[in-house]
Amino acid sequence: MARAKRKTQYVCQECGADYPKWAGRCAACGTWNSLVEVHIAPRQTASSGLQQPASEPVALAHVTTDTGARRPIHLSEFDRVLGGGILPGAVMLLGGEPGIGKSTLLLQVAHRYAEMYGPVLYVSGEESPAQVRLRAERLKALSERIFIAGETDVSHVLHQIERIGPQLVIVDSIQTMASADIDGLPGSLTQVREAAAVFQRVAKEKGIPMFLVGHVTKQGGLAGPKVLEHIVDVVLQFDGERYTQHRLLRTVKNRFGATSELGLFEMTEAGLLPIADPSGALLAERPVGSPGSVVVSSQEGSRALLVEIQALVGPAPFGGTPRRQVSGVDYSRTSIVLAVLERRNGLELHTHDVYLNVAGGMRLEEPAADLGIAVAIASALRGRPVDPETVIFGEIGLAGEVRAVSYAEARALEAVRLGFRRCLLPAGNARGLKVPERLQLVPVTTVAEALAAAMSA
Ligand code: TYD
Ligand code: MG
């Protein structure tokens, strides 16, 4: 049998699309001059005709599910983000900026997992085994059952998996992995993609869960490979403000559970500790009684969190375009809120700069934050503080109406738990809502009503 020819492909370095022929522009993402020639070694396949399938089809009703098999590691905020624990066979990508704490988190995970479920293989392509040991000592995460390998070659890692028979594999980082069968430097899109695909296959064959660490670029995307997100089962994003101690772990994708789940940690001398009372921590530095500061109740995955929105509004330079700078809230939703405040409520915002920020590095993407944003901007513009005992939530429509949102009860109960006394909420949510009496419900149907109620107290 003649040896199969090496296959030539052209791969877009931006989006990972591949083509049999070169082209000046990627048809998938529209980038110019991004196609790079790569050679892919032939897979070992039969030369002709029908092949024996690797598996037989099974009646859907007879397929076994292993949802009961989640393995919690009892690091509460971490388990929460994974929907209860680590699922055997799942490949999980952990993305985050350099220095945010990815290696720290995964070493803690390795330690707990090893003690509970068996050997862990920690593949470190970035730091030497000695460096990892020093960190493990500091974290009190030394274990006889963690095996460290300073490897960057994918096939060597596969051998070690055979030798050790780990119950969990951690690859730190996927960008350091390379395969001799493939052209391209470590970290190049083709290498990273191929390495991830190999790990995905091995994880599924052997039922071993795997974490892949991925560095993110300045734009916030996982370095180069958006494609990685398609290959893996779970994508976790780890971030926070670099100079504060808070770290946020969120699910961006989860084939086996809910996305938008959020876990909060604090970076300490002893590593990452779950934050026991996230709402309390997020409100800890709130400037009570300051104009522009508003507390909203936000649903993050399966729980409600209280978060502070801050607005700063000042006159724009005469004749210039007013600035709109937002961080932590959705820009297009904010534009709608600004338009409604201007057109329906007569606020002179076109002559003012508006800055919005969400405290603690949180991101509020749901429309339920609209009303809080509106009140924060109006409060800042008028220089009148909002009653510090009030929590706000509700979606705003283009006519200036306040619309009902989901999870109203959970949002209100979180306000009760933190000792708030008033809750401004959509009238559509207030009917029949059961909350303890010490929380006064203030139903509103329009933005105008909400502004009056928020700043009257
Ligand atoms: P690291 O896990 O190396 O980040 P990444 O893998 O995402 O690049 O963590 C880097 C930072 O964390 C480093 O600046 C030191 C700090 N750190 C602590 O504050 N406490 C600790 O216990 C450890 C291990 C690290
Ligand atoms: Mg690291």
Side-chain angles (χ1 to χ4, degrees), residues 73-78 81-82 86 91-115 120-143 146-152 157 168-178 186-187 191-192 195-196 199 210-225 228-229 232 234-252 262-276 281 360-361:
I73 58 161
H74 304 300
L75 190 65
S76 57
E77 294 290 293
F78 183 83
V81 168
L82 284 180
I86 294 170
V91 175
M92 296 155 283
L93 180 67
L94 176 64
E97 284 179 22
I100 204 74
K102 299 181 295 298
S103 304
T104 305
L105 179 65
L106 289 181
L107 199 53
Q108 291 179 253
V109 169
H111 176 239
R112 285 165 175 267
Y113 196 93
E115 297 296 308
V120 173
L121 176 63
Y122 192 114
V123 181
S124 179
E126 306 208 328
E127 291 161 309
S128 68
Q131 282 174 303
V132 179
R133 186 198 157 110
L134 284 176
R135 178 183 287 130
E137 281 174 9
R138 269 218 289 152
L139 296 172
K140 299 197 171 43
L142 274 184
S143 167
I146 300 179
F147 294 85
I148 173 101
E151 279 295 351
T152 55
V157 174
L168 173 70
V169 176
I170 293 169
V171 178
D172 187 357
S173 66
I174 189 69
Q175 277 103 347
T176 60
M177 292 294 132
Q191 285 287 7
V192 164
F199 291 134
M210 291 197 191
F211 282 100
L212 310 179
V213 170
H215 295 298
V216 296
T217 54
K218 287 197 195 72
Q219 298 82 35
L222 282 158
L228 270 188
E229 299 194 0
V232 301
V234 177
V235 179
L236 302 175
Q237 185 73 35
F238 200 34
D239 56 13
E241 284 155 353
R242 194 71 175 286
Y243 302 101
T244 69
Q245 304 311 312
H246 286 178
R247 296 290 182 272
L248 282 69
L249 183 66
R250 60 183 109 231
T251 336
V252 179
L262 176 70
L264 283 94
F265 296 86
E266 188 181 0
M267 180 62 98
T268 70
E269 287 296 296
L272 289 151
L273 298 181
I275 292 181

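First listed ligand is number 1; within each ligand, the first listed atom is number 1. FYI, the numbering just counts along the sequence from 1.
- The shortest N/O to N/O separation between G101 and ligand 1 falls below 3.5 Å.
- Residue-level proximity to ligand 1 for S103 is carried by backbone and side chain together, each with a heavy atom below 4.0 angstrom.
- Taking every non-hydrogen atom of P98 and a distance limit under 4.0 Å, the qualifying atoms of ligand 1 come out as 8 (O).
- The shell of residues lying under 4.0 angstrom from ligand 1, judged by heavy atoms, includes T268.
- Scanning the protein for heavy atoms near atom 3 (O) of ligand 1, the closest one is R135 NH2, 2.8 Å.
- Remark: ligand 1 atoms within the under-4.0 Å shell around heavy atoms of R138 are 21 (C), 22 (O), 23 (C), 24 (C), 25 (C).
- Between Q175 and V192 there is a side-chain heavy-atom pair separated by less than 4.5 Å.
- The CD1 atom of I174 sits 4.5 Å away from atom CG of L212, with the distance rounded to the nearest 0.5 Å.
- By heavy-atom distance, the residue among G99, A141, G96 lying nearest atom 11 (C) of ligand 1 is G99.
- Residues I146 and H111 are in side-chain contact: their nearest non-hydrogen atoms beyond the backbone lie under 4.5 Å apart.
- L272 places none of its side-chain heavy atoms less than 4.5 Å from the side chain of E77.
- Close approach of ligand 1 to K102 (heavy-atom distance below 4.0 Å) involves ligand atoms 2 (O), 4 (O), 5 (P), 6 (O), 7 (O), 8 (O).
- Using a distance-only test at 3.5 Å, with no hydrogens or angles considered, no donor-acceptor pair links the side chain of T104 to the main chain of G271.
- Between the side chains of T176 and E126, no donor N or O sits under 3.5 Å from an acceptor N or O.
- Within the 4.0 Å cut-off (strictly below), no protein heavy atom is located near atom 15 (C) of ligand 1.
- The main-chain N or O of M267 is never found under 3.5 Å from a side-chain atom of R247 such that the two would form a donor-acceptor pair.
- The two residues V81 and L249 make their nearest non-hydrogen contact at CG2-O, 3.4 Å.
- Here is the list of ligand 1 atoms found below 4.0 Å of a heavy atom in L139: 22 (O), 24 (C).
- Using a 4.0 angstrom heavy-atom cutoff, E97 counts as in contact with ligand 1.
- Taking the side chain as every heavy atom from C-beta outward, F78 and I86 approach each other to under 4.5 Å.
- For ligand 1 and T104, the ligand atoms under 4.0 Å from any heavy atom of the residue are 1 (P), 2 (O), 9 (O), 23 (C), 24 (C), 25 (C).
- Remark: side-chain polar atoms of E266 are not paired, donor with acceptor, to backbone N or O of L273 under 3.5 angstrom.
- Between L106 and F238 there is no side-chain heavy-atom pair separated by less than 4.5 Å.
- The count of protein N, O or S atoms under 2.8 Å from the Mg ion (ligand 2) stands at 1, with waters excluded from the count.
- Counting protein heavy atoms only, atom 19 (O) of ligand 1 is closest to M267 CG, 3.3 Å.
- A donor-acceptor pair is defined here as one N or O able to donate and one able to accept, closer than 3.5 Å; such a pair exists between the side chain of Q131 and the backbone of S128.
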